[in-house]
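Inspection log for the structure reproduced underneath, given as structure tokens.
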Amino acid sequence: MSKGFPETRTDAAMSELVPEPRPKPAVPMKPVSINSNLLGYIGIDTIIEQMRKKTMKTGFDFNIMVVGQSGLGKSTLVNTLFKSQVSRKASSWNREEKIPKTVEIKAIGHVIEEGGVKMKLTVIDTPGFGDQINNENCWEPIEKYINEQYEKFLKEEVNIARKKRIPDTRVHCCLYFISPTGHSLRPLDLEFMKHLSKVVNIIPVIAKADTMTLEEKSEFKQRVRKELEVNGIEFYPQKEFDEDLEDKTENDKIRQESMPFAVVGSDKEYQVNGKRVLGRKTPWGIIEVENLNHCEFALLRDFVIRTHLQDLKEVTHNIHYETYRAKRLNDNGGLPPGEGLLGTVLPPVPATPCPTAE
Amino acid sequence: QDKEYVGFAALPNQLHRKSVKKGFDFTLMVAGESGLGKSTLINSLFLTNLYEDRQVPEASARLTQTLTIERRGVEIEEGGIKVKLTLVDTPGFGDSVDCSDCWLPVVHFIEEQFEQYLRDESGLNRKNIQDSRVHCCLYFISPFGRGLRPLDVAFLRAVHEKVNIIPVIGKADALMPKETQALKQKIRDQLKEEEINIYQFPECDSDEDEDFKRQDAEMKESIPFAVVGSCEVVRNGGTRPVRGRCYSWGTVEVENPHHCDFLNLRRMLVQTHLQDLKEVTHDLLYEGYRARCLQSLARPGARDRASRSKLSRQSATEIPLPMLPLAETEKLIREKDEELRRMQEMLEKMQAQMQQSQAQGEQSDAL
């Protein structure tokens, strides 16, 4: 990842800073527009093709975490998203799945391929979340796991002899499953999102949305959005990281109208109008997962995979990870963490709350 | 031939007429976490709009909310029979991040009603005892879980010996038929494993016809009832209007037995077993409470304490209840003592009131 010239902060901006400011994403300097009197074709636009070829060769990582009470269809949804059995699925009634007493973190990796592009997908499940009678602080193991991945990456980064490609286990996206009560968020939902929206990209989804009629869905979503706003919870895509007007208009529409996505997942196919579709068959009709009149699964899939996948990774790296890194360096008196680095290569970062030019 | 006819075959009619005149009391408790369709189901069951003025607080308000017990009364009349229905709600149940012991207020409430009845029954004026005991508890299980959750188990274990429990699966239109069956089986297994006693619908008489017996068996097998509630009337494909929920992929009909068990629940709860629920509450659950209560009082220490503190003012929990009667005279003595104590209490209350109004009249700070 190349870092361009960071934006310099004016004094006015400094006075508005909150204790732990998050650095704006590094934006490459806008190119000076050249008088388009170019003679002939240079061929710089082939860089896109070159990048594409390289990406296809190396493949890329994507780590997605799912959080929510048991039975909300987390595993099924992830399997539906990636059209493969990528998640630990405990929906079989015969299996003796005891609810774990504490929240466990289970990461399962798969390599999936499409159109010559390889993706190393890791699904991180969190069984036990919200299932106990007392769920105080049940988000702590999750926060700990996320920070541990940042720590792992940081340690690799500060190594003298660095790996060519640092393995990226950081959580790029956290799907939070809201129970479709029809009333509002639960206290636990608020607590989780308050704590974790500052360390990871949270995408809230309304699970098992086939229990709500259109009006109920729309009212519920409005109420949830309002509650999140009132409580200062910023879910992905966060307003402060919209890079330009185009981003802002696109994301505004998603934030204010579509999210949270009301989804239904399924791994069973049924015949509808001569086509085989993924769905749920009930005595009163068949719910088609990919039918936008039935639920918003297709919107979620397009959002996470087809349009914002790369952005999810970038925000994770440029914002969340950088916040973690800055805090760690500050805590360490400006020195990078880890042993054997005292007083060596890197100059100490000044202990100010705002990281300036590197 | 008239001479051989005594005439007590008319007894049931007399009873019937008396109960019609007297009316019928029933207290139904509805419990379960919020968002499972409890209020909608109650409105559907009794064709009322009991929860019109209800406001569900937002999540941030519920962060520090404790469980409250709410009572709503409604008088329903049908076919000349008046039913005074009291609904007991438990808003806040299962809501907090930490739900430890959140069922204790409910247990306490149920026992309070028993205690009240016990006192009334042992008192002197027994003609108009108000029966506020909880006759039935509809416990709502989430269709989104994988059976009973730890909180469900804890609640059921705390109340199953004190109230008739009828478990239902709320918002059952979230489930496909196979999922419903699997969930019901899982819940039944868990209830057995955790030794939770739910209300047992009694066996039907052996002289009922086969059809009725089969229907009865089917209904019993569908417990826990998977229900869907709705107060909206929809038109399903141009046929007659029915109560249901309209989705883009079809309409769920509340009263369609292929869609959900609403009819079964209504039939078993309201149409056939209302009286039995009251009887089981009185003959089994209340008697159990009473026996436990009196046994604990019959311990030596308790007896002395009770006799010593008879005439002094006492808190509600320490009122000496009549002991297991050893002889009729002793029983009478105790009843008289009770009356004396109550009159004493009333006197003291009146005195306090007089003093209070006096103080207010004089506008002084005395007392």
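Here is the naming used below: chain letters follow the sequence lines, and residue numbers restart at 1 for every chain. All values below were derived from every heavy atom in this structure, side-chain atoms included, with hydrogens, water molecules and symmetry-related copies excluded.
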Original post:
For the atom pair CD1 (A:Ile287) and OG (B:Ser248), what is the distance rounded to the nearest 0.5 Å?
Top reply: 9.5 Å

**OP:** Looking only at non-hydrogen atoms, find the nearest pair between B:His259 and A:Pro283 and report the distance.
**Re:** CD2-CB, 3.8 Å

Original post:
Heavy atoms, side chains only, cut-off 4.5 Å: are A:Ile133 and B:Phe155 in contact?
Top reply: no

Subject >> Among A:Lys281, A:His294, A:Glu288, side-chain contact (heavy atoms from CB on, under 4.5 Å) partner for B:Trp249 >> reply: A:His294

Subject >> Best-contacting candidate, A:Glu215, A:Glu136, A:Arg223, A:Glu227, against chain B by heavy atom pairs under 4.5 angstrom >> reply: A:Glu227

Subject >> Among B:Ala154, B:Gly244, B:Ala174, residue most engaged with chain A (heavy-atom pairs, under 4.5 Å) >> reply: B:Ala174

Original post:
Hey, what do you get for OH (B:Tyr247) to CD (A:Glu216), rounding to the nearest 0.5 Å?
Top reply: 6.5 Å

**OP:** First locate atom CG of A:Asn135, then atom SG of B:Cys99, and finally report the distance between them rounded to the nearest 0.5 Å.
**Re:** 7.0 Å

Subject >> Most chain B-contacting option - heavy-atom pairs closer than 4.5 Å, from A:Leu185, A:Asn231, A:Asp131 >> reply: A:Leu185

Original post:
Should A:Pro180 and B:Phe144 count as side-chain neighbours, where that means a heavy-atom distance under 4.5 Å?
Top reply: yes

Subject >> Any residue of residues 200-213 of chain A which, by heavy atoms, sits under 4.5 Å from chain B >> reply: A:Lys208, A:Asp210, A:Thr211, A:Met212, A:Thr213

Original post:
Could you state the interatomic distance from CG (B:Leu36) to OG (A:Ser179), rounded to the nearest 0.5 Å?
Top reply: 7.5 Å

Original post:
If you count heavy-atom pairs under 4.5 Å between each of B:Thr180, B:Asp173, B:Asp101 and chain A, which one has the most?
Top reply: B:Asp173

Original post:
Roughly how far, to the nearest 0.5 Å, is CG of B:Leu151 from CG of A:Asn134?
Top reply: 11.0 Å

Subject >> Minimum heavy-atom distance B:Arg146-A:Ser70, with the two atoms named >> reply: NH1-CB, 3.9 Å

**OP:** Count the heavy atoms of every other residue, nucleotide or ligand shown that sit under 6.0 Å from CD of B:Gln185, and state whether that count exceeds 12.
**Re:** yes

Original post:
Got a sec: does the NZ of A:Lys226 have more than 12 other heavy atoms crowding it under 6.0 Å?
Top reply: no

Subject >> Non-hydrogen atoms of B:Pro150 and A:Gln132 that approach each other most closely >> reply: CG-OE1, 4.3 Å

Subject >> Whether over 12 other heavy atoms sit under 6.0 Å from A:Glu229 CD >> reply: no

Subject >> Side-chain heavy-atom pair A:Trp284, B:Thr251 within 4.5 angstrom cut-off >> reply: no

Original post:
Among B:Arg245, B:Arg149, B:Lys171, which residue forms the greatest number of heavy-atom pairs with chain A at distances under 4.5 Å?
Top reply: B:Arg245

